[in-house]
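Notes follow once the structure below has been shown.
Counting starts at 1 for both ligands and their atoms, in listed order. What's counted below: heavy atoms across the whole structure, side chains too, no hydrogens, waters or symmetry copies. Residues take their numbers from the sequence shown, with the count starting at 1.
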Amino acid sequence: MTGRAPDEVVESVSRAFERTFGNAPTGVWSAPGRVNLIGEHTDYNGGLCLPIALPQRTYAAVSRRDDGVLRMASAQQDGVVEVSLDDISPEQPGGWGAYVAGVLWALRRDGLAVDGLDVLVDSTVPLGAGLSSSAALECAVAAASSDLFDLDLLATADGRARLAARCVEAENVIAGAPTGGMDQSAALLCDDAAALLLDCRSGGSRQVPFDLDAAGYVLLVTDTRAEHALVDGQYAARREACEAAARDLGVGTLREIDPAGLETALERLGSDEVRRRVRHVVTEIERVTLAVAALESGDLVEVGRLFDASHASLRDDYEVSCEELDLATATARSGGALGARMTGGGFGGSCIAIVRASDADAVAAAIAAAFEAEGLTAPVSFTVTASGPAARDR
Ligand code: ADP
Ligand code: MG
């Protein structure tokens, strides 16, 4: 299930723009959602992560304005939101419009000459499912802004990384969600049939071939429908715990802790809870390196083992899993998955599993049955392939 076809959404978002704003948009840009294969809660610790771009995308039909006004509407929300660029702040426009307005605010603060926009959004990325609809929205708008204001930032990896950094600021400062940089880098930099190995300390990245089809496997994504809420303080609390632990250990970020010296480092920390948080981060960064090596040598069994280990660490040490994620991953494993883990910030959201192509429907059905037996909201499962980055569609 990838939902509506891209061409269909490009057409309908253009028509919705025309209905709402009275003329045709200058163009349509889109950016993908993502799943992170492994490396969770590592981005804000200067660590490594390994996202792929999804075929599901957020589309933005956009025209520029020359009066400093931003107007925006979304097929997923009611009404038209309007704000002057000068008035954009954490309070204004608030709500979903903050993700769009924040991008213009951040580009402007970077000294780039942007003006107002009319924006009509439509998306095939489920909202709030841990698949990063927020970054897809920001990055579609950033891509449109780059083209419409002749910023020319889409042509090079450096330019795209700069746009990603502005989108992170939009989300952190204006939308008020203290997320790391993975989602926006994925949406702007991931290639087709590849995962992006992102080094959140250096900002560097490289493509790692990711094509399960060739080996007869698929990546099954299950949106558990359990509400995740990054803005609600749990995510911020984890982030603060890591920053405090890094200070106690005398390092800039937990990336500096050598896995070989982990036990010694843990002994210097005051509480069992903080020790477990640090152990997750340090071992998870190491698992990313191992997963990249396993992918490069075609060892999917090892990748699966690392998925399972990552999930256990997130559940037991980092404590960001939940009943739905534990049930979905356990059911996928008993259905024959090579490995399964929660993906994204946690407390709900989605799980990913590597399953034989011929088993995908049966595993999805088993997860649905397990949820029904527990009286949980019906989950939504679909297979995905690694897709391309933010781009102009029309
Ligand atoms: P995720 O990024 O995992 O989907 P977030 O909580 O980070 O979840 O972001 C979801 C929020 O992003 C929504 O509540 C909404 O404010 C905004 N958003 C994302 N996509 C759209 C869209 N297509 N139209 C309007 N708002 C959107
Ligand atoms: Mg998000």
Side-chain angles (χ1 to χ4, degrees), residues 3-4 9-10 12-13 16-17 20 28-36 40-41 43-44 49 51 53-54 56-62 70-81 83 90 93-103 119-144 164 167-188 221-236 239 320 322 325 342-352 380 390:
R4 296 169 288 159
V9 190
V10 169
S12 75
V13 78
F17 182 103
T20 305
V28 178
W29 289 258
S30 67
R34 61 96 188 95
V35 289
N36 187 24
E40 217 65 77
H41 286 277
D43 55 356
Y44 55 81
C49 53
L54 296 179
Q56 287 84 352
R57 300 174 75 90
T58 295
Y59 297 80
V62 190
L70 169 63
R71 295 192 299 176
M72 56 207 145
S74 165
Q76 281 72 47
Q77 307 279 349
D78 291 329
V80 177
V81 179
V83 66
W96 74 271
Y99 294 91
V100 177
V103 174
V119 181
L120 200 307
V121 178
D122 195 355
S123 185
T124 57
V125 185
L127 272 60
L131 303 178
S132 201
S133 69
S134 58
L137 174 57
E138 291 147 13
C139 295
V141 171
C167 290
V168 173
E169 291 163 6
E171 180 142 352
N172 288 173
V173 181
I174 303 301
T179 55
M182 168 174 58
D183 302 352
Q184 294 80 3
S185 294
L188 280 155
V221 177
T222 299
D223 171 6
T224 64
R225 308 298 302 280
E227 219 26 57
H228 83 139
L230 293 186
V231 198
D232 85 344
Q234 286 286 346
Y235 187 98
R239 189 171 176 153
V320 292
C322 63
L325 290 167
M342 54 161 280
T343 186
F347 311 108
S350 296
C351 120
I352 54 172
V380 180

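Within the listing of ligand 1, atoms 18 (N), 21 (C), 26 (N), 27 (C) sit less than 4.0 angstrom from a heavy atom of Leu137. Close approach to Leu131 involves these atoms of ligand 1, each under 4.0 Å from a residue heavy atom: 3 (O). Listed by atom number, the atoms of ligand 1 under 4.0 Å from Ser123 heavy atoms are 23 (N). Close approach of ligand 1 to Ser74 (heavy-atom distance below 4.0 Å) involves ligand atoms 22 (C), 23 (N), 24 (N), 25 (C).
Contact annotation for Ala135 and ligand 1: no heavy atom of the residue comes within less than 4.0 Å of the ligand. Counting heavy atoms under 4.0 Å from ligand 1, residue Ser133 touches it through both backbone and side chain. In Val125, neither the side chain nor the backbone holds a heavy atom less than 4.0 Å from any atom of ligand 1.
Ligand 1 has Gly128 within reach: a non-hydrogen atom of the residue lies less than 4.0 Å from it. Under a 4.0 Å heavy-atom criterion, Gly130 is in contact with ligand 1.
Counting heavy atoms from C-beta outward, Val81 and Arg71 have side chains that stay 4.5 Å or more apart. Looking at Tyr59 and Val10, their side chains come closer than 4.5 Å, going by heavy atoms from C-beta outward. Glu138 places none of its side-chain heavy atoms less than 4.5 Å from the side chain of Val168. Between Leu137 and Trp96 the shortest side-chain heavy-atom distance falls below 4.5 Å. Put simply, the side chain of Leu70 reaches to within 4.5 Å of the side chain of Val119, judged on heavy atoms. A 4.5 Å side-chain heavy-atom check between Glu171 and Ser134 finds at least one atom pair inside the cut-off.
Ser134 lies close to the Mg ion (ligand 2), since one of its N, O or S atoms is found at a distance under 2.8 Å.
Nearest-residue assignment for atom 23 (N) of ligand 1 (options Arg34, Gln76, Gln77; heavy-atom criterion): Gln76.
Within a 6.0 Å radius of CZ in Arg225, other residues, nucleotides and ligands contribute 12 heavy atoms or fewer.
Applying the side-chain contact (heavy atoms from CB on, under 4.5 Å) test between Met72 and each of Val141, Val83, Leu120, Val62 identifies Val83 as the sole match.
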